[in-house]
Amino acid sequence: MGRTRAGLTWADVTPEAVYLNRRQMMTGVLALGAGGIAGPTLAASGFSTDEAVNSFEDVTTYNNFYEFGTGKDDPARYADALTTDPWSIEIDGLVDRPGTYGLEDIVAGMDVEERIYRLRCVEGWSMVVPWEGFELNALLNRVGVQPSAKYVAFETLLRPSEMRGQQYGVLEWPYREGLRLDEAMHPLTILATGLYGKPLPNQNGAPIRLVVPWKYGFKSIKSITKITLTEDQPATSWNMVLPREYGFFSNVNPEVDHPRWSQATERRIGGGLFAKRQDTLMFNGYAEEVASLYGGMDLVKNF
Ligand code: MTE
């Protein structure tokens with residue numbers, strides 16, 4: 001691919017412009033496929049939003065990655081210290097084929113595709129990120145989930161020599177997260193290995209991180225080194241430190257406020273100083289896909 005439709009070479013345009021252009025091209029192709037009828041803008045994947053994506057700069061300079069500090073610009077400043085190659089993930093617990101798998105072996109044979117997802121942080125800001133990744137269910141199926149497994153636990157790398165924030169006890173390291181097995185198997189749940197058509201920048205969780213778009217961003221654990229299938233609900237980092245404020249489920253829900261702030265609205269990053277806050281959507285706008293996972297559950301109790 002040398003030229004975009006606008007006749008520019010890749011080198012002439014910013015990643016953002018390339019990105020938007022590629023999406024326009026795909027929209028064109030899809031519209032023709034449907035008989036040339038002009039309809040709503042179609043995105044590349046059935047699961048992708050057609051909302052405007054945030055710039056590469058927004059996505060890579062405004063981050064939460066406490067292993068590198070608590071400031072929004074700390075990850076961009078300090079995450080380069082992390083060695084991401086070689087990388088392996090230990091997969092254990094209730095699986096047929098436990099082991100330590102090299103990243104290249106994990107990714108080989110996976111359908112890596114683009115997924116443009118909304119990301120809603122529990123702090124009240126949001127972005128739209130063009131990820132590349134594959135469905136977590138593909139990896140879980142490869143290692144063979146045993147019938148007694150009910151949850152999936154994840155851990156981030158523990159390496160204080162390269163992750164300067166791990167020298168401070170803000171959280172109990174390593175960072176831990178978890179999903180119910182049906183959430184983990186849902187096709188929206190991906191392991192991302194890239195964004196904007198490039199390998200994942202370190203500040204975004206290189207070389208591989210979870211993305212669960214209907215849950216608050218802290219569930220989307222970065223730089224994963226361990227995945228464990230369990231029968232019992234695993235301990236998760238934010239729930240461990242502030243259980244009254246951060247539940248296990250942490251589904252985006254505009255009707256359940258955080259004890260210290262409202263979750264009804266959000267600030268879209270990149271909108272400028274005077275941009276109006278926008279309404280937060282149930283399950284971050286993915287209700288049609290995931291609401292059935294929580295049928296009959298009290299979402300106030302199970303926050
Ligand atoms: N994963 C680890 N290991 N450590 C973290 O501090 N922060 C979480 C999540 N994953 C975090 C993490 C939070 S609060 C959010 S909002 C998202 O990562 C932010 O992802 P981004 O920086 O790629 O936007």
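- Here the side chain of Arg118 pairs a donor or acceptor atom with the backbone of Asn284 at under 3.5 angstrom.
- Applying the side-chain hydrogen bond (donor to acceptor under 3.5 Å, both in side chains) test to Arg260 and every residue at least two apart in sequence or in another chain returns Glu245.
- In plain terms, the two heavy atoms of Thr280 and Thr265 that are nearest each other are OG1-C, 3.3 Å.
- Put simply, the side chain of Gln203 gets close to the backbone of Thr60: a donor and an acceptor are under 3.5 Å apart.
- Between Tyr246 and Ser237 there is no side-chain heavy-atom pair separated by less than 4.5 Å.
- Side-chain atoms of Glu132 come within 3.5 Å of backbone N or O of Gly197 as a donor-acceptor pair.
- Within the 4.5 Å cutoff, no side-chain heavy atoms of Leu94 are placed close to those of Lys150.
- Here the closest non-hydrogen pair linking Thr156 and Met163 is CG2-CE, 4.2 Å.
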Compile the donor-acceptor pairs under 3.5 Å between side chains in residues 171-185 and protein atoms, sequence neighbours left out, one pair per line.
from: Trp173; atom 1: NE1; to: Tyr168; atom 2: O; distance (Å): 2.8
from: Trp173; atom 1: NE1; to: Leu171; atom 2: O; distance (Å): 3.4
from: Tyr175; atom 1: OH; to: Phe218; atom 2: O; distance (Å): 2.8
from: Tyr175; atom 1: OH; to: Trp238; atom 2: NE1; distance (Å): 3.4
from: Arg176; atom 1: NE; to: Pro174; atom 2: O; distance (Å): 3.1
from: Glu177; atom 1: OE1; to: Lys219; atom 2: NZ; distance (Å): 2.7
from: Arg180; atom 1: NE; to: Asp182; atom 2: OD1; distance (Å): 2.8
from: Arg180; atom 1: NH2; to: Asp182; atom 2: OD1; distance (Å): 3.4
from: Arg180; atom 1: NH2; to: Asp182; atom 2: OD2; distance (Å): 2.8
from: Arg180; atom 1: NH2; to: Leu293; atom 2: O; distance (Å): 2.8
from: Glu183; atom 1: OE1; to: Arg180; atom 2: N; distance (Å): 2.9
from: Glu183; atom 1: OE2; to: Lys215; atom 2: NZ; distance (Å): 2.8
from: Glu183; atom 1: OE2; to: Tyr294; atom 2: OH; distance (Å): 2.5

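- Side-chain atoms of Lys72 and Asn63 form no donor-acceptor pair, as typed in the model, at a separation below 3.5 Å.
- In terms of heavy-atom proximity, Ile224 sits nearest to Leu210 at CD1-N, 3.6 Å.
- Taking 4.5 Å as the limit, some side-chain heavy atom of Tyr117 sits within range of a side-chain heavy atom of Leu188.
- The side-chain heavy atoms of Glu266 and Trp125, taken from C-beta on, include no pair separated by under 4.5 Å.
- Contact annotation: the side chain of Arg115 never approaches that of Val211 to less than 4.5 Å [non-hydrogen atoms, C-beta and beyond].
- Taking the ring axis of Phe56 as reference, the NZ or CZ atom of Lys198 stays within 45° of it and closer than 6.0 Å to the ring centre.
- A 4.5 Å side-chain heavy-atom check between Leu191 and Phe134 finds at least one atom pair inside the cut-off.
- Between Tyr216 and Asn251, the closest heavy-atom pair is CE1-O, 3.5 Å.
- Contact between Thr70 and Asp74 at its shortest, heavy atoms only, is N-OD2, 3.4 Å.
- Side-chain polar atoms of Thr83 and Glu162 form a donor-acceptor pair below 3.5 angstrom.
- Annotation for Phe154 and Ile227: closest pair CD2-CG1, 3.9 Å, computed over non-hydrogen atoms.
- Using a 4.5 Å heavy-atom cutoff, the side chains of Phe47 and Glu135 are in contact.
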